[in-house]
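Below is one structure; the comments refer to it alone.
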Amino acid sequence: MVKAIVGANWGDEGKGKITDMMAQEADIIVRFQGGANAGHTIVNDYGKFALHTLPSGVFYDHTTSIIGNGVALNIPVFFKEYNEVVSRGVPAPKIMISDRAQMVMPYHILFDQYEEERLGGKSFGSTKSGIAPFYSDKYAKIGFQVSELFDEESLKEKVERVCEMKNVTLEHLYHKPLLNPDEIYAELMEYKKMVEPYVGDVSLYLWNALQEGKEILLEGQLGSLKDPDHGIYPMVTSSSTLAAYGAIGAGVPPYEIKQIITVCKAYSSAVGAGAFVSEIFGDEADELRRRGGDGGEYGATTGRPRRMGWFDCVASKYGCRIQGTTDVAFTVLDVLGYLDEIPVCTGYEIDGKITTDFPTTALLEKAKPVLEVLPGWKCDIRGIRKYEELPENCRKYVEFIEEKIGFPITMVSNGPGRNDIIYRNR
Ligand code: GDP
């Protein structure tokens, strides 16, 4: 059976930790979308790792880690990360890369930088990993699949054709140096050497695994609100962040996805531009940022400070609904132990009306948070393993949010480690 682990909000909810934890029981972990533009932070017996493209199952020797066809695969970044993990004592992970995955080309990264430069203050806050230019090219049908590396003559011809197009934009829009197709071809030949041992027919492999009763985890990147269709367009990412897309980006039948674990953080954080209704500022935000996550809320890819806010029931109810949530994993609850009182955003006021339904972007820009204040629990809850042992106010916080979002919180995470988890019997 297939289980998806996805985010309810803007990303950074703690999906990496939940995936690493659930991978103990799984056979295969698949990344199905996105690229090296976001990171998962994982703390386990080998140390602390920031993974960008490796699936979060690489720390076990019983699992196979897969790059699905939906991923934006940056080959040098992938192997740099692979080598780093191995050099820190992790046994060489079993890897398979879809022959249908497309590659981030060196010029995608350049185009990302040039476009952000051109937009200046109106930029989207891209991580400049080439993701938007990559997916634009994929859907414009001028992207490069891994499989194309193995047909050298056609590849060479296509590289020339694509460079011709790219060079028009480089010359006339960005006024930047032109691409040399020979150099790009040579680089692709280097990529080929790196990936060759790992390339395979992923959807067939997964199909066979399902026939054998294997357990497959789909690991999402970012969260519902960054989805290009259902998120805060245009301040979104360029590939679908939803569990439903997992079926496409991994190549498994949609009906095999039996469990959708939506990860939701006990407060909010976001990176990049875009409306963020429950955002807080100043000292209040600085303190939460400093205490947040595991060592502060700073981007795993860019190191930039994340924007902070109180828990947003409107955004999370929507984020969970659009994922098709069966279970909510409620994370980083331990961090809130310092607060006397904890505000929670329970509604949006838009043009004088209060709603609990998440609106489209133009209305979202106008929304003001309706806050309710809950009492804090003022103690450290790390190390607790039974739900009943959590302080009463802490349980009330969890249950208040569960009621507002309307999806069952079946796991509560109270620390960054694999074992910092409380299962709730429901
Ligand atoms: P992801 O992209 O969704 O995997 O999230 P990130 O890795 O960017 O951010 C989550 C951060 O919170 C990481 O630093 C994790 O180690 C940390 N983390 C995850 N769960 C918990 C938790 O329950 N408590 C604490 N304190 N930190 C956590």
Side-chain angles (χ1 to χ4, degrees), residues 3 5 7-9 12-26 39-51 56-60 88-90 217 219 261-269 286-298 300 306 308 310-311 316 327-344 374-403 405 407-426:
K3 298 177 178 177
I5 300 165
N9 303 110
D12 307 319
E13 299 94 348
K15 296 174 294 295
K17 178 239 159 101
I18 299 293
T19 310
D20 176 60
M21 185 189 94
M22 291 191 58
Q24 289 176 97
E25 311 275 299
H40 295 305
T41 312
I42 295 169
V43 183
N44 57 30
D45 300 344
Y46 296 105
K48 183 170 175 175
F49 297 85
L51 300 185
S56 301
V58 291
F59 300 101
Y60 298 97
R88 287 178 58 192
V90 178
L217 297 184
E219 178 180 17
I261 297 135
T262 304
V263 185
C264 218
K265 193 155 64 178
Y267 53 89
S268 303
S269 72
D286 287 344
E287 174 142 41
L288 185 55
R289 182 179 302 113
R290 197 163 38 75
R291 291 172 176 270
D294 177 42
E297 291 282 358
Y298 301 92
R306 291 178 182 151
M308 306 303 298
W310 300 125
F311 188 85
S316 304
D327 295 74
V328 175
F330 196 57
T331 58
V332 207
L333 185 60
D334 50 305
V335 159
L336 300 181
Y338 73 98
L339 290 158
D340 294 322
E341 294 186 318
I342 313 175
V344 175
L374 273 65
W377 47 92
K378 298 291 290 177
C379 67
D380 186 1
I381 60 163
R382 279 209 196 176
I384 294 178
R385 294 287 172 267
K386 290 205 179 89
Y387 186 70
E388 303 71 48
E389 287 170 17
L390 287 173
E392 189 183 1
N393 284 348
C394 183
R395 280 182 278 131
K396 279 190 173 155
Y397 184 78
V398 173
E399 288 157 29
F400 178 86
I401 283 170
E402 181 175 56
E403 203 222 305
I405 62 178
F407 292 91
I409 296 177
T410 58
M411 289 172 237
V412 174
S413 171
N414 60 340
R418 247 176 215 176
N419 302 321
D420 297 322
I421 196 80
I422 299 169
Y423 292 98
R424 272 179 87 205
N425 297 326
R426 300 189 48 84

Using a 3.5 Å distance criterion without hydrogens, assess whether the side chain of [X] forms a donor-acceptor pair with backbone atoms of [Y].
| X | Y | answer |
| --- | --- | --- |
| N393 | G376 | yes |
| R385 | N419 | yes |
| R289 | R306 | yes |
| R424 | V412 | no |
| E297 | S269 | no |
| Y397 | A266 | yes |
| K3 | A26 | no |
| K265 | F330 | no |
| N44 | F59 | no |

| query | Is the distance between the ring centroids of F311 and F400 less than 6.0 Å? | reply | no
What distance separates [X] [atom1] from [Y] [atom2], expressed to the nearest 0.5 Å?
| X | Y | atom1 | atom2 | value |
| --- | --- | --- | --- | --- |
| I384 | K386 | CD1 | NZ | 11.0 Å |
| E402 | I409 | CD | CD1 | 5.0 Å |
| W377 | L339 | CH2 | CG | 8.0 Å |
| D327 | I261 | CG | CD1 | 5.5 Å |
| E287 | M308 | CD | CE | 11.0 Å |
| L217 | T19 | CG | OG1 | 7.0 Å |

Atom of [X], atom of [Y] and distance for their closest heavy-atom approach:
| X | Y | result |
| --- | --- | --- |
| A329 | I18 | CB-CD1, 4.0 Å |
| N9 | C264 | OD1-SG, 3.9 Å |
| L333 | C394 | CD2-SG, 3.5 Å |
| K48 | V43 | CG-CG2, 4.1 Å |
| A8 | T262 | CB-CG2, 3.5 Å |
| P391 | C379 | CG-SG, 3.6 Å |

| With a 4.5 Å heavy-atom cut-off, do I381 and L336 have their side chains touching? | no
| message | Within the 4.5 Å heavy-atom criterion, are L51 and V58 side-chain neighbours or not? | response | yes
| Electrostatic pair D420-R382, nearest N-O below 4.0 angstrom |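 The answer is no: the pair does not qualify as a salt bridge.
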| request: Verify the distance criterion only: is there a donor paired with an acceptor across the side chains of S413 and K17 at less than 3.5 Å? | output: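 S413 vs K17: donor-acceptor pair found between side chains.
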| Residues E399, R395; criterion salt bridge (charged side-chain N to carboxylate O under 4.0 Å, His left out); working and verdict | CA-CA 6 Å; E399 288 157 29; R395 280 182 278 131; 5.5 Å; no
